[in-house]
Amino acid sequence: QKRFIGDQVLRIEPGSNEQISVLQSLQEEDDFQLDFWLHPTNPDLPVDVRVPIASLQAVKDFLESNGIRYSVMISDVQEMLEQEQKEMEANRR
Amino acid sequence: MERSSKSFNFAAYHTLETIYDWMDTLAADYPHLVSKVQIGFSYEQRPMYALKFSTGSSSRPAIWIDAGIHSREWVTQATAVWTANKIATDYGQDRSLTSILDMLDIYLLVVANPDGYAYTHSNNRMWRKTRSKNPGSVCVGVDPNRNWDAGFGGPGASTNPCSDSYHGPSAQSEVEVKNVVNFIKQTGNFKGFISIHSYSQLLMYPHGYSCNNIPDYQELDAVGKSAAKALGSLYGTSYKVGSICKIIYQASGGSIDWSYNYGIKYSFAFELRDTGRYGFLLPANQIIPTASETWLALLNIMEYVRDHTY
C-alpha cells in the first residue's frame with residue numbers, strides 16, 4: 001500500500017502571469033513527482049499541489065526563490081489518511 | 001453486509017463491494033422504481049452498474065448522472081449513493097421529484113471508474129485514473145476525463161502516460177468511457193448529462209477544450225447560476241459557475257464536452273466540496289451535508305430539463 005508519510009499539500013498563490021508561467025514550468029518537471037490538484041492557469045486562482053516529502057525542500061526553495069507565495073494546506077497527508085482509515089473502521093463496526 | 005437500504009450508513013465511505021451490494025438492496029426495496037442496469041465491464045473486468053429510476057415506458061427522455069470518474073474523489077461516489085437513496089425515498093413524497101420521474105427517467109452511474117475506486121481502497125488512496133496498461137510505459141492508467149471524443153488530445157491533457165492527466169492512446173480507448181458512450185447512444189433520448197467530481201466547488205458547462213462560448217452559453221449559464229443558488233441556500237456554500245475553460249482550466253477530452261457535442265444540451269459538471277483543507281480526504285461527517293446541498297442543485301437542473309424538453 002502506497003504511503004504518503006510527510007507529503008504535504010501546498011496552496012500556492014501566484015501573483016502575476018509571469019508567476020503562472022514559472023509554475024507551469026514546475027508542472028513539466030517530472031522528477032519532483034508533483035500531483036497538481038488545481039493547475040496554474042490564472043493569477044486569480046490558487047494552485048494546490050501535493051508534494052512528496054523527497055521533493056518538499058526543493059519545491060519550497062523554488063517557490064521562495066521566485067518570490068511566489070504559498071502556505072501549507074495539509075501538513076502530513078499520511079496523518080490524514082490514517083484518520084480516515086480509523087474512521088472507516090469505526091463505521092464498519 | 002448491509003442487509004437493507006434503510007440500515008445503510010450514508011455518512012461513511014464504503015468499498016466498491018459494499019456499494020454494489022447496497023445497490024441490490026435498493027433495487028429490491030423499490031422494485032417498481034429502481035433497477036440495476038449493467039452497462040459493461042471495466043478494464044479489470046469489474047461490472048459497471050447504473051441505477052435506473054423509471055416509472056414508465058422505455059422510450060422516455062432521460063437524464064444521465066455519473067459520479068467518481070476520478071476515483072480518489074471519494075465524496076463524489078458517497079454523494080451518488082446518498083442521491084440514489086434520496087430519489088428512491090422521495091418519489092411519491094416530494095412533488096417536484098415525482099413530477100420529474102413521471103416524465104423522465106434518471107440513470108445514475110454511482111462509480112464510473114470501479115477499478116480506480118477499488119485501487120484507492122487497496123493500494124493508493126490518491127489514485128485518479130483508470131488501471132489500463134500503457135504499452136511501452138511502466139506507468140498505468142489513463143485520465144478517463146481526458147479520453148472522450150471531444151477535442152481529444154488538445155490543450156490541457158498530457159501525452160505522457162505517467163501523468164495524472166494522460167489522455168490515452170486514442171479517444172474512447174478506455175473501456176469505462178466507451179461503455180458510457182455506447183450506452184448513451186444505444187438508449188437514446190438523453191436530455192441532460194451531469195458528471196459529478198469533487199474539489200473546489202464549481203458548477204461548469206462546456207467547453208473545456210475551447211475557451212469560446214458555446215451556442216447555448218447564456219441559457220446554461222443561467223441554469224447553472226440558478227442551481228448554484230439553490231445549492232447555497234442550505235449551508236451558504238459558494239460555487240463558481242462558468243465554462244470549464246474559463247473557471248478552472250483548459251482541458252480537452254472531457255465527458256460533458258462530448259455529451260454536449262453529441263446533442264445533449266443540458267450538460268453540466270459539478271466539483272463538490274472542499275475549498276482546500278482536506279483535499280480528497282473530506283471527513284465522512286461531511287458526506288451528508290455535501291450530498292444534501294448538491295441535491296438541491298441537481299433537482300433544480302432536473303426541473304429545468306423537465307420544463308424545457310427539446
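Chain letters run A, B, ... following the sequence lines, proteins first, then strands; residues in each count from 1. These numbers were taken from a predicted model, which means no experiment stands behind them.
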Contact class of A/Phe4 relative to chain B, heavy atoms under 4.5 angstrom: side chain
Side chain, backbone, both or neither: which part of A/Met88 has a non-hydrogen atom closer than 4.5 Å to chain B? side chain
Check whether any side-chain heavy atom of B/Val75 sits under 4.5 Å from a side-chain heavy atom of B/Arg273, and report yes or no. no
B/Asp143 side chain to B/His70 side chain, donor-acceptor N/O pair below 3.5 angstrom: yes
When you compare the side chains of B/Lys129 and B/Asn113, does any donor N or O come within less than 3.5 Å of an acceptor on the partner? no
Contacting region of B/Asn124 [heavy-atom separation from chain A under 4.5 Å]: both
Residue B/Trp127 versus chain A: region with a heavy atom under 4.5 Å: neither
Under a 4.5 Å heavy-atom cutoff, which of A/Asp35, A/Asp44, A/Val9 has the most pairs with chain B? A/Asp35
Quick one: which of A/Leu45, A/Val77, A/Leu81 has the most heavy-atom pairs under 4.5 Å with chain B, could you say? A/Leu81
Could you walk me through whether B/Gln201 and B/Thr275 pass the side-chain contact (heavy atoms from CB on, under 4.5 Å) test, one step at a time? CA-CA 7 Å; B/Gln201 299 170 201; B/Thr275 52; 3.3 Å; yes
Does [Y] offer a backbone N or O that forms a donor-acceptor pair with the side chain of [X] under 3.5 Å?
X	Y	result
B/Asn134	B/Cys139	yes
B/Arg125	B/Arg72	yes
B/His207	B/Gly254	no

Partners passing side chain to side chain donor-acceptor pair (under 3.5 Å) against A/Arg3 (at least two apart in sequence or in another chain): A/Glu82
Heavy atoms under 4.5 Å from chain B: which residues of residues 10-30 of chain A carry them? A/Arg11, A/Asp30
Angle class for the A/His39/A/Phe36 ring planes (parallel below 30°, perpendicular above 60°, tilted otherwise)? parallel
Taking B/Tyr199, B/Tyr13, B/Tyr278 one by one, which has the highest count of heavy-atom pairs under 4.5 Å against chain A? B/Tyr199
Let's test your reading of the structure: which of B/Gln250, B/Arg128, B/Met126 forms the most heavy-atom pairs below 4.5 Å with chain A? B/Met126
